[in-house]
Amino acid sequence: MFSKVSAGRVEVLLKKRWSVTNHIGTVHAIAMCNAAELAGGVCLDVSLDRRFRWIPVGMEVKYLKMAKSNLKAVCEYPDFTTIGLVM
């Protein structure tokens with residue numbers, strides 16, 4: 001669920017429920033990756049000029065801690081007006 005959508009910032013809430021947990025009862029790492037990719041993708045969609053499109057080319061993930069509760073994925077790009085100026 002989106003808690004905030006605006007140019008330069010998007011927040012996605014990921015509720016801990018059975019469908020996103022793994023065999024040890026924590027939020028699955030791929031579910032967290034999906035939430036992060038959703039936040040980043042929507043942030044770019046609402047921030048870019050309509051003339052531009054984007055294609056994700058990679059993602060780096062580090063599993064630092066087990067997620068035992070609800071999560072929030074945030075993508076923030078405060079200077080979004082410079083996106084897409086280099087062609």
Side-chain angles (χ1 to χ4, degrees):
M1 171 172 46
F2 293 98
S3 62
K4 180 173 185 169
V5 177
S6 62
R9 185 176 178 92
V10 170
E11 297 178 4
V12 174
L13 300 178
L14 177 62
K15 185 176 178 183
K16 183 185 176 199
R17 57 186 188 276
W18 181 84
S19 61
V20 296
T21 56
N22 55 26
H23 65 287
I24 58 175
T26 60
V27 179
H28 198 285
I30 296 303
M32 290 186 270
C33 290
N34 288 339
E37 187 174 11
L38 177 63
V42 171
C43 187
L44 282 173
D45 280 344
V46 300
S47 301
L48 281 175
D49 183 293
R50 290 181 186 259
R51 298 173 293 157
F52 298 105
R53 297 289 177 256
W54 63 277
I55 298 172
V57 295
M59 184 169 163
E60 182 178 325
V61 178
K62 293 182 182 179
Y63 305 111
L64 303 176
K65 197 172 184 182
M66 289 188 288
K68 299 178 182 181
S69 65
N70 298 336
L71 300 171
K72 181 179 358 178
V74 178
C75 179
E76 185 174 44
Y77 193 79
D79 194 17
F80 66 90
T81 55
T82 62
I83 298 175
L85 294 180
V86 179
M87 291 192 248

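- Taking a 4.5 Å side-chain heavy-atom cut-off between Ile, Leu, Val, Met, Phe, Trp and Tyr, the cluster of V74 contains only that residue.
- Listed by chain and residue number, F2, V5, V10, L38, V46 satisfy the side chain to side chain contact (heavy atoms under 4.5 Å, CB included) test with V42 (two or more places apart in sequence, or in another chain).
- A donor-acceptor contact shorter than 3.5 Å is absent between the side chain of R51 and the backbone of L48.
- For N22, the side chain to side chain donor-acceptor pair (under 3.5 Å) partners two or more places apart in sequence, or in a different chain, are T26.
- Sequence neighbours left out, the pairs with a member in residues 5-15 that pass side-chain hydrogen bond (donor to acceptor under 3.5 Å, both in side chains) are S3-E11, R9-E11, R9-E76.
- Residues A73 and A39 approach most closely at O-CB, 3.9 Å, considering heavy atoms.
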May I have the list of side-chain donor-acceptor pairs in residues 55-72 shorter than 3.5 Å, sequence neighbours left out?
{"unit_1": "N70", "atom_1": "OD1", "unit_2": "K16", "atom_2": "N", "d": "2.8"}

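- Every side chain to side chain contact (heavy atoms under 4.5 Å, CB included) that D45 has, sequence neighbours left out, goes to W54.
- L13 belongs to a hydrophobic cluster whose remaining members, ordered by chain and number, are M1; membership requires side-chain heavy atoms of ILVMFWY residues under 4.5 Å apart, directly or through intermediates.
- Taking every heavy atom of both residues into account, A31 and V20 meet most closely at CB-CB, 3.9 Å.
- Taken from CD in E37 to SG in C75, the straight-line distance is 11.5 Å, to the nearest 0.5 Å.
- By the side chain to side chain donor-acceptor pair (under 3.5 Å) test, R17 pairs with S19, sequence neighbours left out.
- Contact between S47 and G8 at its shortest, heavy atoms only, is OG-N, 2.8 Å.
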